Structure formats: structure tokens, C-alpha cells
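Remember, it's 1-based here, ligands and their atoms both numbered in the order they're listed. What you see is a predicted model; the values in this text were computed from it and never measured. No hydrogens, no waters, no symmetry mates; every other heavy atom, side chains included, goes into these values.
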Amino acid sequence: MNKKEIKIFSPATVANVSCGYDVLGFCLDTIGDEMVIRTTERKGIFITKIEGYDLPLDATKNVAGVSALAMIADAKPDFGFEIEIYKNIKPGSGIGSSSASASGSVFAINELLGRPYTKTQVTGFAMKGEALASGSEHADNLAPGIFGGFTLVKSISPLEVLQLPTPKDIYATIIHPQIEIKTSDARAILPKTFPLKDAITQWANLGSFVHALHTSDYELLKRSLMDVIVEPHRSQLIPHFAEVKLAALEHGALGASISGAGPAIFALSKGIENAENVEKAMREVYSKTAIAFETYVSKINTEGIREL
Ligand SMILES: Nc1ncnc2c1ncn2[C@@H]1O[C@H](COP(=O)(O)OP(=O)(O)O)[C@@H](O)[C@H]1O
Ligand SMILES: N[C@@H](CCOP(=O)(O)O)C(=O)O
């Protein structure tokens, strides 16, 4: 007998990770949404409650509903689902707010259906929801949320996700200035073509970053966390980005860049002490401004979305 209700934690995620625009991501542990999903006799998807932020209850306008509708169109259950969303991740944050909802609903429905779908298939349904928010399909936030740890999306069609190892002593620091940047807008400002020399630099860094994860080579990781493609364009949308990045690097971070489409900025550090020093240094930069902000230090969440 399958369960009729499930409560989950759907974590925030960091996409791009400097050198891996649209393909690399990792999963956070200290911030995420909660969701309750239960079966109902009436067929369909019904978002019955959203707390935290003002988002549409209409399932066709909410990313959680869109991905869930895609899954039930395929599974064709003879019952429906109610979804409650308790949002902690501000929409337009750059730490995968839309992704947490789009993946949380389908993760939970898959559990309630007795797990007929693989993690890759669940990610495929979640992409339908994520596309509503960002204007195009990408899975670099969804994959780390669903698989946990660091992930690389090798291809979106057909969808292929690689799970990468997590070096044991690596921590993330996030600063989230409370301004909103819509992912769709941050995608629209990017040039359509890039100089070949920049592409060469970027794929060399991406390859060496993946190698560094496999070998726990922190020195190489530090030299690979660079972005010559996206960061130069998007950093203009984030007040004090250069100062925050410099402060993080001067206080022990291995690297720092824009988290997803921003405005959040992430740093990776070896050891929690360095990650906390980086947090303090990032806070000092924004404390001198009128912009409200939140910061988080997190281990890498290797489990991903979990049942509560
Ligand atoms: N359940 C949801 N959670 C978050 N955002 C949602 C949700 N449903 C629809 N949206 C819309 O998606 C956009 C936020 O997504 P996005 O710009 O990708 O930000 P983020 O980087 O935080 O994921 C907003 O326009 C928001 O209204
Ligand atoms: N690869 C995407 C990631 C967007 O992440 P989000 O957390 O800002 O939704 C992009 O950079 O556009």
C-alpha cells in the first residue's frame, strides 16, 4: 500500500559554479523549502497553500504545478495530488528557488506513486516546470537537488546527469542581497557568441574542476574556479560584486562567483573555519551599504531532497 502523504525538504542549490554555465551545480543543506504533497480523490494537481512568498496557486502558473502536471500526464494515476509549499528560498535569488519547487513536487509524487521513475526521469519532468521560470530548459539546479552533491548535466536531450564526488572538507558560503534578478532576464543579457579563446579557457577550467573533485585536489580546484564567459556580463547586475568576490578570496575562499543567475554570490572553501571567515568578510562589504542581505554557510548536501 503506497503512502498517501509525504513531507519533504527541497534544498537550495548553486548552479554554474563559475566554470560550468548550465551544466554544473551543487546542493546546499542549510536553506531550502518544505512541501507537503498528498493524494486526493479528484484527479489533477491542486496547489492549496503557499506560505513565505506571494506565488501563483494556479498549477499551470506555478513551477511546482507545471512539473507535476507533466508527470501525471505520463503516469495517468486515477487520483490527484494536493501540494502545500512552505517557501524559504526567495524567488529570483540565484539559489534555485524555482528549481526547489519544480523538483520537490515531482520527487514527492514519484514517492507517492511507489517510485516508478528514475532520478533522471524525475529531473526530466522537473525541467518542464523550471522552463516556466527561466524561459528555457536547463537542469543545473534540478540535478543537484534530486541527485545530491555536485552534478554535471552532460546533455539535456537526451537527459544525462553525472554525479560527481564531493571532497570531504568542502563548504559553501552564500551571500544573498535582497534584490530580485529574474533568471529569464539574466539569460537574455548574455551574448549569443563568444571568442574562441574564452571558450578554450572555460572548457579547460571545467575539465580541471571535475578532475579536482575526483582527486580532492584543492589547489587545482582553486585554479579552476574561474568564469570568463558569463560572470563579466552578469556581474554588472549585482551591486558590489567585485568587492565581495575580492573579500572572499582574501579571506581564504578557493573561489567565488555568481550563484546561478544571481544576485546571490557563492564561495567554496576548504574547511568550515575558512567558510565562516569568508562569510564574515562578505557581510562586512554589504554592511556598509543600504542593501539588506542574508548569508549562509553550508556543507555540501550529498543526499539532495529528503523526506521529513
Ligand atoms: N513555486 C515557485 N517558486 C519560485 N518561483 C516560482 C514558483 N512558481 C513560479 N515562480 C516564478 O519563477 C520566477 C523565479 O524563478 P527564477 O527567476 O528562476 O529565480 P530563482 O533563481 O530563485 O530560481 C518568479 O517569476 C516566480 O514568480
Ligand atoms: N544556469 C542557469 C542557472 C539559473 O539558476 P537560478 O538559481 O538563478 O535559477 C543560469 O545561469 O541561467
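Considering all non-hydrogen atoms of both residues, P11 and L28 come closest at CB-O, 3.3 Å. Taking all atoms of both residues into account, the shortest heavy-atom contact from N205 to R223 is OD1-O, 3.5 Å. The shortest heavy-atom contact between F209 and L221 is CE1-CG, 3.8 Å.
Between the Q121 side chain and the T118 main chain, a donor and an acceptor come within less than 3.5 Å of each other. No donor-acceptor pair closer than 3.5 Å links the side chain of R42 to the backbone N or O of F79. At distances below 3.5 Å, not a single donor-acceptor pair connects side-chain atoms of T13 with backbone N or O atoms of P144. In this structure, H251 contributes its side chain and A247 its backbone to a donor-acceptor pair below 3.5 Å. Judged by distance alone, the side chain of K87 and the main-chain N or O of S97 form a donor-acceptor pair under 3.5 Å. With hydrogens and angles disregarded, no donor-acceptor distance shorter than 3.5 Å links the side chain of D29 to the backbone of N301.
Polar contact check, K61 against ligand 1: no nitrogen or oxygen pair lies under 3.5 Å apart. For ligand 1, the polar-atom distance check against P91 finds no nitrogen or oxygen pair separated by under 3.5 Å. Between S99 and ligand 1, not a single N/O pair is under 3.5 Å apart. When only interatomic distances are considered, the shortest N/O to N/O separation between E130 and ligand 1 does not fall below 3.5 Å. Residue T183 has at least one N or O atom closer than 3.5 Å to an N or O atom of ligand 1. For ligand 1, the polar-atom distance check finds no N/O of S184 at less than 3.5 Å from any of the ligand's N/O atoms. Between V63 and ligand 1, at least one pair of N/O atoms sits closer than 3.5 Å. Among the atoms of S101, some N or O lies under 3.5 angstrom from an N or O of ligand 1.
Proximity of the aromatic rings of Y286 and H240 is defined here by a centroid distance below 6.0 angstrom, and this criterion is met.
The existence of a salt bridge linking D22 and R187 is confirmed by a sub-4.0 Å separation between a basic side-chain nitrogen and an acidic carboxylate oxygen. Between D169 and K270 no salt bridge is recorded (no basic side-chain N to carboxylate O distance below 4.0 Å).
Side-chain contact between S105 and M35 is present, with at least one heavy-atom pair separated by less than 4.5 Å.
For atom 23 (O) of ligand 1, the closest heavy atom belonging to the protein is S98 OG, 2.7 Å. Annotation: atom 4 (C) of ligand 1 to nearest protein heavy atom, S97 OG, 3.4 Å. Summary of contacts: the protein heavy atom closest to atom 13 (C) of ligand 1 is A133 CB, 4.0 Å.
Among I37, T39, I6, the single residue meeting the side-chain contact (heavy atoms from CB on, under 4.5 Å) criterion with I109 is I37.
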Tell me, with the steps shown, if S208 and S224 meet side-chain hydrogen bond (donor to acceptor under 3.5 Å, both in side chains).
CA-CA 6 Å; S208 57; S224 312; 2.9 Å; yes
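Across the listed options V66, D33, L55, L55 owns the non-hydrogen atom lying nearest to atom 10 (N) of ligand 1.
If you number the atoms of ligand 1 from 1 as listed, the ones under 4.0 Å from a heavy atom of K182 come out as 17 (O), 25 (O). Near G94, meaning under 4.0 Å from any of its heavy atoms, are these atoms of ligand 1: 21 (O), 22 (O). Close approach of ligand 1 to K87 is summarised as follows: ligand atoms under 4.0 Å from at least one heavy atom of the residue are 3 (N), 4 (C).
The closest approach between any non-hydrogen atom of K90 and ligand 1 is below 4.0 Å. Ligand 1 has no atom lying under 4.0 Å from any heavy atom of S134. For the ligand labelled ligand 1, residue G96 lies inside the 4.0 Å heavy-atom shell. Using a 4.0 angstrom heavy-atom cutoff, G92 counts as in contact with ligand 1.
In this structure, F125 and Y117 have perpendicular ring planes: the angle between them is above 60°, well past the 30° mark.
Contact annotation for N62 and ligand 1: heavy atoms of both the backbone and the side chain come within less than 4.0 Å of the ligand.
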Pairs of nitrogen or oxygen atoms, one from ligand 2 and one from the protein, closer than 3.5 Å: please tabulate them with distances.
| unit_1 | atom_1 | unit_2 | atom_2 | d |
| --- | --- | --- | --- | --- |
| ligand 2 | 1 (N) | N16 | OD1 | 2.9 |
| ligand 2 | 1 (N) | D22 | OD1 | 2.5 |
| ligand 2 | 1 (N) | D140 | OD1 | 3.3 |
| ligand 2 | 1 (N) | D140 | OD2 | 2.6 |
| ligand 2 | 5 (O) | N141 | OD1 | 2.9 |
| ligand 2 | 7 (O) | G94 | O | 3.3 |
| ligand 2 | 7 (O) | G96 | N | 2.9 |
| ligand 2 | 8 (O) | T183 | OG1 | 3.3 |
| ligand 2 | 8 (O) | A261 | N | 2.9 |
| ligand 2 | 9 (O) | T183 | OG1 | 3.1 |
| ligand 2 | 11 (O) | N16 | ND2 | 2.7 |
| ligand 2 | 11 (O) | R234 | NH1 | 2.7 |
| ligand 2 | 11 (O) | R234 | NH2 | 3.4 |
| ligand 2 | 12 (O) | R187 | NH1 | 2.7 |
| ligand 2 | 12 (O) | R234 | NH2 | 2.9 |

